[in-house]
Amino acid sequence: MPRVAYVNGQYLPYSHASVHVEDRGFQFADGVYEVIGCIHGHLADETGHLDRLERSLSELKMDMPVDREALRFLMRECLRRNNLKNAGIYIQITRGAAKRDFKFPAPETPQSLVIITFPFDFDGNVGVVNGGRVKTLADIRWKRRDIKTVALLPQALVKQEAVEAGVDDAWMVDSDGYITEGSASNAWIITKNKKLVTRPVSYDILRGVTRTAIEKIASENNLVIEERAFKPGEAYEAVEAFTSSATALITPVIEIDGHAIGNGKPGDITQKIYGEYRAYVDGLRGEQVHWESGL
Ligand code: PLP
């Protein structure tokens with residue numbers, strides 16, 4: 001079965017799936033995206049991801065190019081046409097194609113909507129089983145990291161530097177020395193007194209939808225979340241650490257800057273949260289969470 005992508009109203013084979021050379025996403029990174037996991041046929045945190053997509057668009061003064069129900073249908077149709085039950089779904093919306101000019105194009109310019117699906121083996125994800133190693137690197141991004149824009153070059157640069165240094169990912173650090181988040185995930189540590197610490201919501205980080213689901217899981221499992229910024233030095237002393245995101249789900253972090261975290265193995269609390277998140281996605285823990293910017 002040939003792979004197909006949805007591009008501006010059409011399902012196209014991959015070899016023909018392209019956007020215009022003057023698409024503003026291509027020229028200005030003038031667009032937003034979402035990634036949603038489809039795990040055993042369940043769209044994980046679909047509600048929250050669509051909430052955040054609408055908010056990212058509105059912050060950039062863009063509309064949804066199709067309504068939410070239509071988008072839900074298009075995602076499922078892409079999965080069906082690609083015969084996928086375990087997949088990542090990538091949605092990208094830009095301000096459309098127009099003659100290159102910094103100012104916004106005429107309001108009637110059609111926006112671009114692209115949906116790509118890719119197979120993703122959530123059960124065989126070695127990162128989740130074995131945990132990952134991270135390196136802290138300077139956060140050189142713009143000042144509105146709460147918007148999920150396609151301007152991802154800083155994240156690509158830190159990820160590449162981390163991989164070249166022989167680890168799995170980067171945790172970015174702001175100019176005051178505090179960790180912001182991972183290159184494509186939220187960063188968490190667990191302190192000796194078993195508190196989950198993660199950076200508070202602000203313009204400095206993307207408020208993860210998975211992070212929001214963890215808030216629900218924590219409250220249902222008597223786990224306390226302390227929202228505050230933390231520095232690498234504190235992270236080295238943590239008993240456990242992990243990252244959260246739509247595809248990596250809850251991935252243990254077993255080493256930061258060469259310091260083993262806890263006993264250097266995925267921790268019990270992290271694994272418990274992972275198990276609870278999987279049950280939540282399977283629909284065994286009630287309604288999926290809504291997402292709000294919190295700003
Ligand atoms: N922070 C950044 C910078 C991200 O790119 C992502 C996901 O791509 C996240 C956090 C986690 O967000 P979510 O849990 O909604 O996937």
Side-chain angles (χ1 to χ4, degrees), residues 29 31-39 43-57 59 75 87-92 116 118 120 122 125 127-128 132 134 136-160 162 168-174 178-189 196 198-218 225 227 229 241-251 253 270 273-274 276-278 280-281 288-295:
V32 303
Y33 75 106
E34 275 298 331
V35 178
I36 304 179
C38 175
I39 309 178
L43 268 67
D45 272 322
E46 179 183 19
T47 305
H49 285 286
L50 295 180
D51 291 341
R52 188 173 62 192
L53 180 64
E54 285 175 359
R55 195 254 174 189
S56 293
L57 286 166
E59 289 300 294
M75 287 191 285
I89 305 167
Y90 176 84
I91 308 166
Q92 179 169 324
I116 299 167
F118 52 93
F120 197 92
F122 288 93
N125 188 344
V128 169
V134 305
T136 58
L137 289 166
D139 194 334
I140 58 166
R141 295 175 297 167
W142 75 327
K143 294 180 181 166
R144 289 301 307 275
R145 302 158 187 166
D146 56 304
I147 308 170
K148 198 164 169 69
T149 77
V150 295
L152 292 171
L153 185 57
Q155 286 97 311
L157 291 175
V158 289
K159 174 81 178 192
Q160 180 63 22
D168 302 292
D169 201 3
W171 276 12
M172 296 178 281
V173 178
D174 68 17
Y178 290 94
I179 288 164
T180 51
E181 55 191 334
S183 68
S185 60
N186 289 117
W188 301 75
I189 56 170
L196 274 59
T198 197
R199 191 165 170 125
V201 173
S202 73
Y203 284 175
D204 294 338
I205 61 162
L206 183 74
R207 183 179 203 175
V209 180
T210 320
R211 177 192 188 281
T212 310
I214 294 171
E215 289 170 25
K216 172 180 153 84
I217 289 166
I225 297 183
E227 284 190 286
F242 65 93
T243 59
S244 61
S245 77
T247 46
L249 307 183
I250 285 79
T251 294
V253 170
T270 304
I273 296 168
Y274 174 76
E276 285 296 311
Y277 186 74
R278 290 294 302 261
Y280 161 84
V281 171
Q288 294 194 353
V289 295
H290 274 279
W291 181 94
E292 284 169 15
S293 76
L295 298 170

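Here the structure is a predicted model, which means the values were calculated and not measured. All ligand and atom numbering here is 1-based and tracks the order in the structure.
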How does A246 reach ligand 1, if at all, at less than 4.0 Å between non-hydrogen atoms: by side chain, backbone, both, or neither?
both

Can you list the atoms of ligand 1 that are under 4.0 Å from a heavy atom of S244?
11 (C)

Heavy atoms only: which of S185, A248, S245 lies closest to atom 9 (C) of ligand 1?
S185

Taking the side chain from K159 and the backbone from P154, do they hold a donor-acceptor pair closer than 3.5 Å?
no

Between the side chains of S183 and D169, does any donor sit under 3.5 Å from an acceptor?
yes

Tell me whether R145 reaches ligand 1 (any heavy atom closer than 4.0 angstrom to a ligand atom).
no

With the threshold set at 4.0 Å, does a side-chain nitrogen-carboxylate oxygen contact exist between E181 and R141?
yes

Check against side chain to side chain contact (heavy atoms under 4.5 Å, CB included), N186 and T210
CA-CA 9 Å; N186 289 117; T210 320; over 6 Å; no

Taking everything shown except Y90 itself, do over 12 heavy atoms lie less than 6.0 Å from its OH?
yes

Under 3.5 Å: N/O of R211 near N/O of ligand 1
no

Considering the heavy atoms of V209, write down every atom of ligand 1 situated less than 4.0 Å from one of them.
13 (P), 14 (O), 15 (O)

Pair R199 + D174: basic N to acidic O under 4.0 Å
yes

Out of A187, A184, G37, A213, whose heavy atom sits nearest atom 4 (C) of ligand 1?
A184

Min N/O separation Q155 to ligand 1 under 3.5 Å
no

Among protein heavy atoms, which lies nearest atom 1 (N) of ligand 1, and at what distance?
E181 OE1, 2.6 Å

Any heavy atom of R52 closer to ligand 1 than 4.0 angstrom?
yes

Are any of the N/O atoms on G208, whether in the backbone or the side chain, positioned under 3.5 angstrom from an N/O atom of ligand 1?
no

Could you tell me whether a side-chain N or O of W291 sits under 3.5 Å from a main-chain N or O of R207, the two making a donor and an acceptor?
yes

Answer side chain, backbone, both or neither: which part of K148 comes under 4.0 Å from ligand 1, heavy atoms only.
side chain

Is it the case that the ring center of Y274 lies less than 6.0 angstrom away from the ring center of Y277?
no

Any side-chain to backbone donor/acceptor pair from Q288 onto D45? Under 3.5 Å, distance only.
yes

Please confirm whether N186 comes under 4.0 Å of ligand 1, counting heavy atoms of the residue only.
yes

Which residues satisfy the side-chain contact (heavy atoms from CB on, under 4.5 Å) test with A241, sequence neighbours excluded?
W171, I189, V253, I256, I261

Return yes or no for this condition: an N or O of R141 is under 3.5 Å from an N or O of ligand 1.
no

The closest protein heavy-atom partner of atom 14 (O) of ligand 1 is T210 OG1, 2.6 Å

